[in-house]
Amino acid sequence: MRRLQTDILILGSGGAGLFAALHAHDAAPELSITVAVKGLLGKCGCTRMVQGGYNVALAPGDSVERHFMDTIEGGKWLPDQDLAWILVNGARERIRELENRYGCFFDRNPDGSVHQKAFAGQTFDRTVHKGDLTGIEIINRLAEQVWAHGIARLEEYRAVELIRDRAGDTLAGALMIDVRNGEYVFVQARAVLLATGGGPTMYRYHTPSGEKSCDGLAMALRAGLRLRDMEMVQFHPTGLLAGAHTRMTGTVLEEGLRGAGGYLVNGAGERFMQGYDSRGERATRDIVSRAIFSEIRAGRTTPNGGVYIQMSHLGPENVRRQFKGMVERCADCGFDLAGGRVEVVPTAHYMMGGVIFGPDCRTALPGLFVAGEDSGGVHGANRLGGNGVANSTVFGGVAGDTMAAWVRSAGAALLEPDPDALEAARAGCEHPFRQAGGDLGVVRERLYDTMWDDAGILRTEPGLRRAKQQLAELGQQLQATGVATTDRAFNLTWHDWLNLRSLIFVSRAITAAALARADSCGAHFREDFPQPTDPMAEAFTCVSWTNEQFTVTREPVAFTRVGPGASLLTA
Ligand SMILES: Cc1cc2nc3c(=O)[nH]c(=O)nc-3n(C[C@H](O)[C@H](O)[C@H](O)COP(=O)(O)OP(=O)(O)OC[C@H]3O[C@@H](n4cnc5c(N)ncnc54)[C@H](O)[C@@H]3O)c2cc1C
């Protein structure tokens, strides 16, 4: 097995990974830093896909306290308050860095101040943006800086396992596959950042970038780490439904359409939202997603099995002007958003859950750090639109600073990996080449059905138990499914097998956490326990993988800054 060495290994090149690389380089330029990424640096991940923008309290009248309260109340009092406090304060620092240090251009008001727009769930217009292509601006500028600073890159390198040292108590590095030639490479590092960006792509309809398959969360579980809030999967209510033949299905039609007065209409031609919430189409994401799912389950669907969004009553010309990007996206798929109706369906968007971590991005495994969507606790039961990219960039920067200090400290040596663990990880990846036959497409379809029907927007105990059983069987079915082509270079079927391995495993963690939470809170809705949780008694789930099974515990939320019912704004 080929070996590489680096002081700091960063897995993933989204907002979290790139910020970590730049901060680590600034803090300790003498260290070797390597960004290893499944896709191409600057071209992959969800940060690049950010449309809406970046939440930050900048304008007069706004404050970090207000941003904090919106985050905590939006998260149903479940967030870790110390992490949320770092988020809202750090966002002010990061947005200045993005502009003044890394050269991002954000939209401005005529007086030169940064333009900030309204976003759902916020009591102040604080979302900074570059048109509706904010993520491209951020990632392009960060990638240029990474190139300019001579930070090492391993592109199309996929991490498959975190490997401990011989003693078993510190991380020694990560086993990776060079996708281009299929070679196994062990990257030995003094510090490793997990920044692979979660990504709930186990649901039939989903928004994240295609290469994301929860690899980081699966690796963390297998490495013995605890994940919190895994039942909290956010669905965006209006994903485009353009048929099974196109990857455009599942992509987001923005919230602004409903905000501007768009109607949701079921397959019977009726507007239905008023029957679910007095705010109608302007209710929050979780409520609208549940309402659409209920209509679908009642059989009042469109030809492709969703509902319609209708904008034509607002005047086609007006719609074309106001929502140019969305109108064009729909036109590309043959739909007339401005003058007709477009089929939509709720789509899995974001995982609030992830690896438990501290304010300095350390995890329970010495040598391993985490940032971005792989981490849990910042958003609680719901993420506010605009807080996702703030999360990845703020904590990515923190992780870079911490890792640089950690590596400089005496405690961080290059450690020898446990050879048995390394071999077991390699054998796990080789497994499909030793199996004959089977069809990965069948496994994937079954996974989609299971998660969508029984562990998605509306959940019940019998449904979750069914999902648990199905997922256990699916895991076995995958293990019995082979990859026919043994040439490992760019073997996409092999990588699909590995993707499914991560997705099925993390789906089991989601299901275990959802079963353990017999209440409804934010994104997690149990039809058999529809009452909202009492915030005072709020406790988060922790799921771990030990002795070949999942264990879930509940831990009380520490209200370290403000308790339910109180506010930092009035204190
Ligand atoms: C369509 C869409 C629109 C969004 N709009 C907004 C918005 O307007 N505002 C907002 O705040 N948030 C938004 N989000 C959420 C936001 O994109 C994420 O919260 C955030 O960008 C995640 O950053 P990250 O660095 O953790 O992960 P990502 O940016 O997703 O990066 C993950 C990286 O890890 C790599 N990777 C994955 N697996 C492996 C592996 N096994 N080995 C090595 N590398 C790996 C990937 O290739 C990628 O480079 C949106 C998300 C989507 C999908």
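Quick caveat, the model's predicted, so the values are computed rather than measured. Nothing fancy with the numbering, it's 1 onward along the sequence. Whatever order the structure lists them in is the order used to number ligands and atoms, beginning at 1.
- Ligand 1 is never approached by Gly385 to a heavy-atom distance shorter than 4.0 Å.
- In this structure, SG on Cys330 lies 8.0 Å from CG on Leu257, to the nearest 0.5 angstrom.
- The ligand atoms of ligand 1 that sit less than 4.0 angstrom from a heavy atom of Gly53 are 7 (C), 8 (O), 9 (N), 10 (C), 11 (O).
- Within a 6.0 Å radius of CZ in Arg3, more than 12 heavy atoms belonging to other residues, nucleotides or ligands are found.
- Scanning Glu155, Lys38, Glu211 for the heavy atom closest to atom 47 (O) of ligand 1 points to Glu211.
- Residue nearest to atom 42 (N) of ligand 1, selected from Ala159, Ser213, Gly396: Ala159 (by heavy-atom distance).
- Nearest protein heavy-atom neighbour of atom 21 (O) of ligand 1: Thr47 OG1, 2.7 Å.
- Contacts with ligand 1 closer than 4.0 Å are made by no heavy atom of Ser209, backbone or side chain.
- Geometrically, ligand 1 and Lys212 share a nitrogen or oxygen pair separated by less than 3.5 Å.
- For atom 17 (O) of ligand 1, the candidate residues are Ala348, Gly17, Cys46; the nearest heavy-atom contact is made by Cys46.
- If you check which protein heavy atom lies closest to atom 19 (O) of ligand 1, you get Tyr350 CE1, 3.0 Å.
- Heavy atoms of Tyr54 stay at 4.0 angstrom or farther from ligand 1.
- Taking the centre and axis of the six-membered ring of Phe124, the NZ or CZ atom of Arg66 falls outside the cone set by 45° and 6.0 Å.
- Considering backbone and side-chain atoms together, Val252 places no N or O closer than 3.5 Å to any N or O of ligand 1.
- At least one heavy atom of His349 lies less than 4.0 angstrom from ligand 1.
- Proximity of Arg383 to ligand 1, defined as any heavy-atom pair under 4.0 Å, is confined to the side chain (atoms from C-beta onward).
- The protein heavy-atom contact nearest to atom 37 (C) of ligand 1 is Thr196 O, 3.4 Å.
- When the salt bridge (charged side-chain N to carboxylate O under 4.0 Å, His left out) test is applied to Arg92, no partner is found at least two apart in sequence or on another chain.
- Atom-to-atom distance recorded for Arg94:CZ and His23:NE2 is 4.0 Å, nearest 0.5 angstrom.
- With a 4.0 Å cut-off on non-hydrogen atoms, Asn391 does not touch ligand 1 at all.
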| query | Step by step, would you call Phe293 with Phe235 a ring-ring contact (aromatic ring centres under 6.0 Å, His included)? | reply | CA-CA 11 Å; Phe293 195 79; Phe235 284 77; 8.1 Å; no

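- Residue contacts with ligand 1, taken as heavy atom pairs separated by less than 4.0 Å, involve Ser13 via backbone and side-chain atoms alike.
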